[in-house]
Enquirer: 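Next up is a structure, given as structure tokens.
Read the numbers this way: they start at 1 and go in the same order the structure lists the ligands and their atoms. Both backbone and side-chain heavy atoms feed into the values below; hydrogens, waters and symmetry mates do not.
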Amino acid sequence: STDIESALGGDSLLVVSNRQPYKHSYDDDGTITVDRPAGGLTAGIDPVMQKTDGTWVAWGDGDADEEIVDEDDCVRVPPESEAYTLKRVWLTEEEVEDYYYGYSNQVLWPVCHGGMWKTKFANEFWTTYRDVNETFADAVVEQYDDDSLIWFQDYHFGLAPRMVREELPEAFLMHFWHIPWPSWDSVRSLPNHEEVLDGLLGNDLLGFHTDSYCENFLHCVDEAFETAFVDLDGKKVRYDGHTTYVESFPLSVDFDDIASKSAEADDEWWGEFRDSYGIGDGVQVAVGIDRLDYTKGIPERLDALARLWEEHPEWRGELTFFQKGSPSRSRISDYKELQEEVEEAVARINRRFGTDDWQPVIYTEEMLSETDLYGLCRHSDVALVSPLRDGMNLVAKEYVAAQHDEDGVLILSNQAGAHEEFGDDAVTINPRDIDEFVEQLQYALTMEDDERGERMRRLRDTVEEYDLFAWLEDSLTTARDVKRQRDAEASE
Ligand code: G6P
């Protein structure tokens with residue numbers, strides 16, 4: 001973290017994200033409790049914020065959030081050490097409906113994941129998305145100091161960078177887009193795509209997970225704006241008198257933290273975990289961990305497993321698949337339907353193949369502790385990470401980091417950003433090709449120990465080398481370089 005601090009060089013971060021790092025809610029008995037950061041990103045940026053005392057702007061979605069803030073809607077967090085400022089932005093129910101469930105999750109999300117047929121557009125989605133971006137932009141301008149480095153996160157803020165740029169021409173703005181950036185043919189199907197491209201070009205530095213997302217973005221700008229000068233090799237755009245650098249930073253996980261937590265989940269823990277779910281001795285375990293999202297390919301995965309038990313009956317009674325699903329965005333019908341589809345498919349498989357002492361698929365939506373999740377990853381024989389499309393997929397990296405004993409196999413979709421780093425150290429599948437999926441499952445389940453060890457060691461090296469802190473350092477060092485470049489050009 002000293003490298004991260006030195007990359008910041010005395011500047012302080014002004015982070016903007018939709019989800020907040022701390023949330024205040026009322027308990028059953030009316031007392032206020034604080035929820036900790038859960039996701040990889042909030043958990044990763046939080047320690048840097050604590051060290052450098054920045055400001056984090058986010059949607060206050062907890063029912064007790066308003067109780068805790070000062071007159072500027074700010075609260076010092078974390079509660080016990082008050083190391084930095086969390087500025088909460090309030091949204092009405094209608095705004096949440098149209099900005100979050102609407103343009104963000106029923107327009108941008110499907111288009112960026114190549115699922116244009118899932119797009120549901122309404123004009124209020126767009127106007128509200130713009131208004132909410134304006135609200136966030138105002139909050140950023142209000143919180144801004146001369147030494148602030150503004151850092152937007154994700155697709156909820158496609159317009160705010162331009163809005164902030166207009167108010168603060170000298171500010172340094174960067175943005176990380178956490179989902180794929182698709183090809184021009186997809187992007188041109190996005191209502192108001194020109195405004196979104198223009199909004200993002202308000203940034204000085206724009207980050208994506210992979211080089212191909214960067215190339216797609218640059219190509220889109222080239223197609224959309226005649227007046228933009230796109231330098232593909234230099235990875236930058238000159239547009240409207242301003243330069244935006246476009247660079248890839250593959251997001252990662254806290255390798256050491258996951259490895260040490262999974263180490264706590266020893267053989268005794270695993271025995272108890274198996275017992276509690278009725279997984280018999282000697283039965284191999286495959287694992288899937290996902291938000292319930294149609295991009296994750298869960299029904300396709302279940303189809304492949306059913307086919308395996310059908311065509312390779314030797315796996316009946318010998319392999320259990322454990323799927324953890326986290327309900328998500330359930331007010332959107334596509335997400336609700338997916339949840340039902342998954343539950344039905346699981347029940348169907350269990351009826352068809354299950355016996356008195358063997359359940360083929362265990363499906364749970366229960367909250368699992370980090371020890372449980374990482375322990376499950378450590379001890380499972382195979383992980384199935386088979387999204388139809390995924391910006392990165394951090395579960396693939398978590399599985400690898402938790403693999404202490406280096407004897408598990410990662411089956412990975414060629415549609416996950418993580419595949420660009422892992423390549424064929426993982427067992428690669430096309431999630432839509434069920435024959436290949438079954439073949440690769442069979443291959444993974446019967447893989448010799450030597451090959452398991454070699455592949456897993458290489459995967460672990462990859463994640464250990466470029467972990468979450470390397471990602472932070474890489475992003476902030478690049479920001480510093482771009483800023484110097486910009487200042488040098490300005491003084492010429
Ligand atoms: C994806 C997005 C994140 C988002 C997360 C959970 O990973 O890139 O920005 O926070 O999904 O989704 P939610 O809608 O619950 O925030």
Enquirer: Check each of His156, Arg19, His178, Arg329 against atom 11 (O) of ligand 1 and report the one with the nearest heavy atom.
Expert: Arg329
Enquirer: Can you report which non-hydrogen protein atom sits closest to atom 2 (C) of ligand 1, along with the distance?
Expert: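 Protein heavy atom at minimum distance: Asp154 OD2, 3.3 Å.
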Enquirer: Let me know which of Phe152, Phe157, Trp471 forms a ring pair (Phe, Tyr, Trp, His ring centres under 6.0 Å) with Phe176.
Expert: Trp471
Enquirer: Please classify the Ile179 to ligand 1 contact at 4.0 Å (heavy-atom distances, strictly less than): side chain, backbone, both or neither.
Expert: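 The side chain, only.
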Enquirer: With heavy atoms of Tyr100 as the reference, note each atom of ligand 1 found under 4.0 Å away.
Expert: 13 (P), 14 (O), 15 (O)
Enquirer: Is there side-chain contact between Pro21 and Leu86, with heavy atoms separated by less than 4.5 Å?
Expert: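 Yes, their side chains come closer than 4.5 Å.
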Enquirer: Counting only heavy atoms closer than 4.0 Å, does ligand 1 sit against the backbone of Arg291, its side chain, both, or neither?
Expert: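 Answer for Arg291: side chain.
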Enquirer: Going by the angle between their ring planes, with limits at 30° and 60°, are Phe208 and Trp181 parallel, tilted or perpendicular?
Expert: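 Perpendicular: the ring planes of Phe208 and Trp181 meet at over 60°.
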Enquirer: Distance only, no hydrogens: is a donor on one side chain within 3.5 Å (strictly under) of an acceptor on the other, for Asn414 and Thr428?
Expert: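 Side chains of Asn414 and Thr428: no pair found under 3.5 Å.
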Enquirer: Say whether Tyr155, considering both its backbone and side-chain N or O atoms, lies within less than 3.5 Å of an N or O atom on ligand 1.
Expert: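 The answer is no, given that Tyr155 and ligand 1 share no N or O pair closer than 3.5 Å.
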Enquirer: Could you tell me how the ring of Trp109 sits relative to the ring of His113: parallel (under 30°), tilted (30 to 60°) or perpendicular (over 60°)?
Expert: tilted
